[in-house]
Asker: 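Okay, here's the structure, questions in a sec.
Just so you know, ligand 1 is whichever comes first in the structure, and atom 1 is the first atom listed for that ligand.
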Amino acid sequence: MQSTQTQISENNQLSQSIEKEVVFELEGITKIYQMGEVQVHALRGVDLKLYEGELSVLLGPSGSGKSTLLNILGGLDTPTKGSVIYHKVLDDKDEIIDLSAASEHQLTEYRRFNVGFVFQFYNLIPSLTARENVAVVTEIAKAPMTPEQALELVGLGERFDHFPAQLSGGEQQRVAIARAIAKNPDVLLCDEPTGALDSKTGIKVLEALQRVNQELGTTTAVITHNAGIAQMANRVISLSDGQITDIHTNKTLISPKDLSW
Ligand SMILES: Nc1ncnc2c1ncn2[C@@H]1O[C@H](COP(=O)(O)OP(=O)(O)O)[C@@H](O)[C@H]1O
Ligand SMILES: [Mg+2]
C-alpha cells in the first residue's frame, strides 16, 4: 500500500515536470479527406507530445501522413477527430490553445505569432533581395530580430543584397529559414526542407536548422522521408499509413555534416 502510494506520487511528480515542457499534446488524431465518394484516411489515431526546445524528425514514406500531421500542428488544417493542445511555454504567461476547436481567426493569429514554416520549395519573392524577403515578415511581427540577424544565423551574412536568382537552391532555402525564424516563433515546422536539394547543399540547410534550434531554443519539427537525417534529431517519430509506429530518442546527436544519405 505504502509503496503503491509512493509510486503514484512519483508518477505525479514526473508527469508534472514533463507537463511544464510539453508544447504540443495530440490525442486520438484522425484526419479523413473526402474525395467525392472516396474517403482517404490520412491519420488514424495519432497520440503525440512534442517538448519545448526539442528537434524532432517525422520520418515516413510518401503518403504516410507526415504533411497532414505537420499542417495540423501548424494550424493550417484541423483534424477530423481528436484534440490538439498547444502550450505557449516561452512566454511569461501560460497560454493554451485548443487548435482542434479554434476558429479561423484564432488559427490565423496562432500561425502569425507562434509558428514559422519552411517548405520544400522556398517561395521567395523573386524581385526582392534576401534582406527584403525576410523584412516582409519582420515588418508585421511583434518582437522580431532584424533581417540581418536572421540571415547571419543561417550563414548568409554575405548575401544580404542578393536576389533569389543569384543564390543557389540551398542558399534560397536558408533565406526561407531566416524568414521563418526572424519573427522569433516558438515553433518551427519544416516539411521536407531538403527535398529539392542535393546532399551537400542539404547539409548546409540542416546545419542552419540545428543552429536555430540550439541557439534560439525553437521547438522544431522536420519532416523527411530520408532516414539518414534522423540522427541529427533529439527524437525520431516514425509514421506509416497514418499511424505512429515508433518513437526513438537519440542519445547522441550527429552534426549534419557527419550525416550521410
Ligand atoms: N488535401 C487532401 N485531399 C485529399 N487527400 C489528401 C490531401 N492531403 C493529403 N491527402 C492524402 O492523405 C494521405 C497522407 O498524405 P500526406 O500527409 O501528404 O503524406 P506525406 O506527407 O507523408 O507524403 C495520402 O494518401 C494523401 O494522398
Ligand atoms: Mg508530405
Side-chain angles (χ1 to χ4, degrees), residues 23-50 54-86 99-100 102-104 107-108 110-111 115-124 169-170 172-173 176-177 179-180 185 187-199 201-202 205-206 208-209 219-248 259 261:
V23 176
F24 288 105
E25 194 164 359
L26 281 66
E27 266 179 33
I29 296 302
T30 308
K31 180 68 185 183
I32 302 170
Y33 292 107
Q34 191 76 42
M35 302 282 289
E37 305 266 283
V38 184
Q39 289 194 333
V40 181
H41 292 253
L43 295 173
R44 307 166 184 263
V46 167
D47 298 326
L48 180 65
K49 286 180 181 165
L50 296 181
E54 79 172 340
L55 195 164
S56 54
V57 158
L58 304 180
L59 184 68
S62 178
S64 56
K66 305 183 297 295
S67 295
T68 303
L69 184 56
L70 203 82
N71 290 345
I72 288 173
L73 291 173
L76 292 168
D77 206 347
T78 49
T80 309
K81 236 171 67 188
S83 80
V84 185
I85 305 297
Y86 167 72
L99 297 176
S100 39
S103 67
E104 274 306 319
L107 289 178
T108 304
Y110 161 72
R111 287 193 302 264
V115 190
F117 292 98
V118 176
F119 296 102
Q120 179 171 355
F121 300 104
Y122 331 119
N123 303 314
L124 302 176
Q172 290 182 56
Q173 186 61 301
I177 294 170
R179 180 182 55 187
V187 181
L188 180 61
L189 303 176
C190 313
D191 194 343
E192 304 269 7
T194 60
L197 302 171
D198 61 71
S199 64
T201 39
V205 166
L206 296 174
L209 289 175
T219 305
T220 304
V222 181
I223 286 186
T224 183
H225 60 263
N226 185 339
I229 290 175
Q231 290 165 289
M232 69 176 274
N234 298 115
R235 284 197 308 152
V236 186
I237 296 140
S238 299
L239 278 140
S240 175
D241 200 18
Q243 290 180 315
I244 292 177
T245 51
D246 185 54
I247 296 183
H248 174 78
L259 296 174
W261 78 78

Asker: Look at atom 22 (O) of ligand 1 and say which protein heavy atom is nearest, naming residue and atom and giving the distance to 0.1 Å.
Answerer: K66 NZ, 2.8 Å

Asker: Between S62 and H225, is any pair of side-chain heavy atoms under 4.5 Å apart?
Answerer: no

Asker: Any side-chain heavy atom of L107 within less than 4.5 Å of one from T78?
Answerer: yes

Asker: Please state whether the rings of Y86 and Y110 are parallel, tilted or perpendicular, taking 30° and 60° as the class boundaries.
Answerer: perpendicular

Asker: Is there a heavy atom of S64 sitting under 4.0 angstrom from any atom of ligand 1?
Answerer: yes

Asker: Nearest heavy atom to atom 11 (C) of ligand 1: which of T68, V40, L59 does it belong to?
Answerer: V40

Asker: Any atoms of ligand 1 less than 4.0 Å from a non-hydrogen atom of M35? List them with their elements.
Answerer: 3 (N), 4 (C)

Asker: With a 4.0 Å cut-off, strictly under, does atom 20 (P) of ligand 1 pick up any protein heavy atom?
Answerer: yes

Asker: So, applying side chain to side chain contact (heavy atoms under 4.5 Å, CB included) with L73, which one of L26, V187, V23 is it?
Answerer: L26

Asker: Quick check on P61 - does any of its heavy atoms sit under 4.0 Å from an atom of ligand 1?
Answerer: yes

Asker: Protein heavy atom under 4.0 angstrom of atom 6 (C) of ligand 1, is there one?
Answerer: yes

Asker: Which protein non-hydrogen atom lies closest to atom 18 (O) of ligand 1, naming both residue and atom, and how far is it?
Answerer: S67 CB, 3.7 Å

Asker: Any N/O/S of S67 under 2.8 Å from the Mg ion (ligand 2)?
Answerer: yes

Asker: Provide, to 0.1 Å, the distance between atom 12 (O) of ligand 1 and the closest protein heavy atom, together with that atom's residue and name.
Answerer: A42 CB, 3.3 Å

Asker: Would you please say whether a donor-acceptor pair under 3.5 Å links the side chains of D198 and T201?
Answerer: yes

Asker: Could you pull out the closest heavy-atom pair between V46 and L69, with the gap in Å?
Answerer: CG1-CD1, 4.2 Å

Asker: Write out the residue and atom name of the closest protein heavy atom to atom 24 (C) of ligand 1, then the distance separating them to 0.1 Å.
Answerer: G63 O, 4.0 Å

Asker: Quick one: look up the protein heavy atom nearest atom 9 (C) of ligand 1 and list residue, atom name and how far away it is.
Answerer: Y33 CE1, 3.4 Å

Asker: Kindly give the heavy-atom pair with the smallest separation between G116 and P185, and that separation in Å.
Answerer: N-CB, 3.6 Å

Asker: Of N71, V40, L43, which meets side chain to side chain contact (heavy atoms under 4.5 Å, CB included) against K31?
Answerer: L43

